[in-house]
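Okay, structure first, notes after.
Note that this is a predicted model, so its numbers are computed, not measured. Chain letters run A, B, ... following the sequence lines, proteins first and then strands; every chain starts at 1.
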Amino acid sequence: MASGNDQSNAAAVTSAPEAGNLLGFLRNKGVAATERPSSDHPAFNVPAGEVVATLQHLRDEQAFDLLMDVTAIDWAEGASPRFTVVYHLLSTTRSAYVRIAVNCASDTAPSAPSVVSVWPGANWHERECFDLMGIKFEGHPDLRRILMWDEYPYHPLRKDFPLAGIETALPDADVTAETGTRVLAAPMAGGPFVATSGEINLTEAEPRAKDESWADRRPRPDQEGLKQVRE
Amino acid sequence: MATEFTFPDSAAKAAKLPAGLPEGTEFQTEKMSLSMGPSHPSTHGVLRLQMELDGEILTKCDPVLGYLHRGDEKIAENMTYNQFVPYTDRLDYLAPLANNMAYAIAVERLAKLEVPARCQAIRVLTAEMARISAHLMGLGAFGLDVGAWSVLLYSLHEREKLYKLFEELTGARFTTSYTRIGGVTRDVPEGWLGRVNAFCDQFLPILEETLTLLTRNKIFMDRTVGVGVISKADALAYGLTGPNLRGSGVPLDLRKDRPYSGYEQYEFDVPVGSKGDCYDRYLVRGEEMRQSVRIIKQVIAKFPDGPWYATDAKRIFAPPKDRILTSMEELIQNFMIVTEGPQMPPGEVYFEAENPKGILGFYVVSKGGGVPWRLKIRSPSFCNLSILPKICVGCLISDVVSILGSLDFVMGECDR
Amino acid sequence: MVTASTELGYNSKVEGDVVVTRADAVINWIRTNSMWPMPMGLACCAIELMAVGGARFDIARFGAEVMRFSPRQADCMIVAGTVTYKMAAHLRRVYDQMCAPKWVIAMGACASTGGMYRSYATLQGVDRIVPVDVYVSGCPPRPEALLDALMKLQAKVKREPATQRLFSDDAPPRADLH
């Protein structure tokens, strides 16, 4: 069985020396990079101030010529650092990936330097990251929302934002005037039954529908508390 | 590019003044802003382009996205790994089987799980069929955009045949939800491979016939050759992938460069364009369909025996139904997987697969358990569209339609 | 005039060149058999909508193959796909631009109820912003299901008091939203 995927085995074997080489390279360039635990590709934590230089060095001298992805992780309310911005680079010539992560200094108003000057393609990625996660990219030429509408008051991918959403106004007032429709929290009762991630307490870990305490016609009890989510 | 055209402004300045106006009077022309979409036949869904026009020439193009933002990434954080599979169908809904595979492999990488050879072969087979079906639709829609209606009818006809095969395999025409973490939902049906083979045999001549409608078509060439040129450097800088990147001459194909799911066993060529215009992107897609047929033939020729799911992953893949109904241990195993989800170790992985539209990436961050902590979807259409503000400036408004058709995007995946 | 309806049964030998029928029957007959759809293709369902227009399912058999992207030329809006809050206003605007009489088919689970997208960004059913005549289940519905919806809509249109609406200002109102 499992004649398997040679590539992933090979990657698992070779990733350690490659990560060491890249770490050495970054250190030589004066970047205070530290190795980051990773299940696949070489990954490094980099101080926020040095990310632009890091990516520039990796692109120009290590042939990581494609910026595949810019995204952010919210490590839960109250965690510190709460937000991490993650960059994935691919080299079209070496066929290798590298992951660069930057912890945002502030947990309440997170920000990171923009890398649009290095890759113009980062423009939309950073706008998306700002839109959904609320991370301000300093030096971005045009930091607007991209997926939600401009007046939308929340950052939906933050952990304190409920999947169902929070009641707010529609982007167009005339439609509300005509139909009476607003952005309402979606009904979740009977939704997918899932166990809570990483719980050990059996009572807590029991699979259940998230947000099951309310339905379409019954308001969510803690609606008031969610008002605090506004930026 | 802009200099090739006469801007109405300069034409107006050169024009002769009507009698009676004092010498030196200039015609005042105004720029016009035009919104194209989100409900427009050639924006392939709900893309909206906010354009600024000088006569018929674009001076600015600002794409507005998000009209199909459904919150997939947030949804993923609220359900188990397997429950999210149906949502991957609806990312690039022209090639759901390819999305299913990319997602499953990403999560399997997290679990360091290897699926058996037969499962890999099934996945490659379905992904390549999905590629044909997606490119057919892209081709048909592209033809439609530039005025060739018949291409769409040809490609819809072939897609129906593919749908019939998909339906037999998965139970659905295109929202297939075929993979599970650690395997697929079911083995290939009796005689199905033969029918796929028969499809390929009859498909190749029809593909040639369909492409003949466009390849040397004067109208089609006039509207695509030299239009929407993307240089190699630009394509890389904006993170273009897939046929759009290869159309610009960068031979990046993850099936070759970082083979997954056993792609290294199959022989195929990676077509690459030379000029990076709309016509090159069209040619690349046409050739990719031929290569996909080639891969499918090879997969069928050496289709492996053995289990079609990971038999040693007790906490990830549910046991066969007959065992669940007869054995207590398997019943519990099934119950745990269904309710708590496939159990993953903590960690983070980033996996990318070469999808029809480009490189689809999944970044999975796990804190352990059956639910991802964060799932980021790197969608190729999103990145491919991000070059629009750059290449559309200086184009005629009718060229924008060609460019959109040649970029071949899907908004479901772009907006997620 | 191919119909089983006795009202329209026409035999030139008996009746000469004159056909006598009710105005409602004629108007509804015309409307049902040339119902031009406005394909509001938003997401996955739009692909099935295209398949319905293709050769195998051939919506032309029902006189509805003339997909009009201009709302002013369309009679029936087929909402095919997930309606997000961002899109809702545009959809409503397109609906407002359609000339009466107009009908709406909510194609698929998303358009009908929000479907599997119970999330912050998705409108939970297009009937919150436009009145819907026929709901089609499925994710996406099979092309046959859409044809069935079209036939249901035709049956509904056949029963409408068309003349009354044509000549009177106080025509029976459309069912209210919700």
Does the pair C:Cys44 and B:Phe174 meet the rule for a side-chain contact (heavy atoms from CB on, under 4.5 Å), with working shown?
-> CA-CA 9 Å; C:Cys44 337; B:Phe174 67 89; 3.9 Å; yes

Of the backbone (N, CA, C, O) and the side chain (C-beta and beyond), which part of [X] lies under 4.5 Å from a heavy atom of chain C, both, or neither?
| X | answer |
| --- | --- |
| B:Leu47 | neither |
| B:Glu167 | side chain |
| B:Asp92 | neither |
| B:Pro96 | neither |

Working for side-chain contact (heavy atoms from CB on, under 4.5 Å), residues B:Arg173 and C:Glu48 | CA-CA 9 Å; B:Arg173 281 160 59 86; C:Glu48 286 298 56; 2.6 Å; yes

Heavy atoms, side chains only, cut-off 4.5 Å: are [X] and [Y] in contact?
| X | Y | value |
| --- | --- | --- |
| B:Tyr67 | C:Leu42 | no |
| C:His90 | B:Val46 | no |
| C:Ser119 | B:Lys74 | no |

Verdict with reasoning, B:Tyr163 to C:Ile47, per side-chain contact (heavy atoms from CB on, under 4.5 Å) = CA-CA 12 Å; B:Tyr163 277 169; C:Ile47 306 301; 3.4 Å; yes

Measure the [atom1]-[atom2] distance between [X] and [Y] for me, rounded to the nearest 0.5 Å.
| X | Y | atom1 | atom2 | answer |
| --- | --- | --- | --- | --- |
| B:Asn78 | C:Arg118 | CG | CZ | 14.0 Å |
| C:Met77 | B:Ser39 | CE | OG | 7.5 Å |
| B:Thr175 | C:Met116 | OG1 | CE | 8.5 Å |

Of the non-hydrogen atoms in B:Leu68 and C:Ala43, which two are nearest, and what is the gap between them?
-> CD2-CB, 3.7 Å

Looking at C:Gly54 and B:Leu156, what are the two nearest heavy atoms and their distance?
-> CA-CD1, 3.9 Å

Do the side-chain N and O atoms of C:Thr122 and B:Arg70 include a donor-acceptor pair separated by under 3.5 angstrom?
-> no

Which bit of [X] comes within less than 4.5 Å of chain B, counting heavy atoms only: side chain, backbone, both or neither?
| X | result |
| --- | --- |
| C:Ala46 | neither |
| C:Phe57 | side chain |
| C:Pro140 | both |

What do you reckon, is [atom1] of [X] surrounded by more than 12 foreign heavy atoms closer than 6.0 Å?
| X | atom1 | value |
| --- | --- | --- |
| B:His40 | NE2 | yes |
| B:Tyr154 | OH | no |
| C:Lys152 | NZ | no |

For the pair C:Arg56 and B:Arg159, evaluate side-chain contact (heavy atoms from CB on, under 4.5 Å) and give the outcome as yes or no after the intermediate values.
-> CA-CA 11 Å; C:Arg56 178 160 301 183; B:Arg159 277 171 62 84; over 6 Å; no

Answer yes if the ring centres of C:Tyr120 and B:His69 are under 6.0 angstrom apart, and no otherwise.
-> yes

Largest heavy-atom contact set with chain B, pairs under 4.5 Å, which of C:Met67, C:Met38, C:Met40, C:Met87 | C:Met87

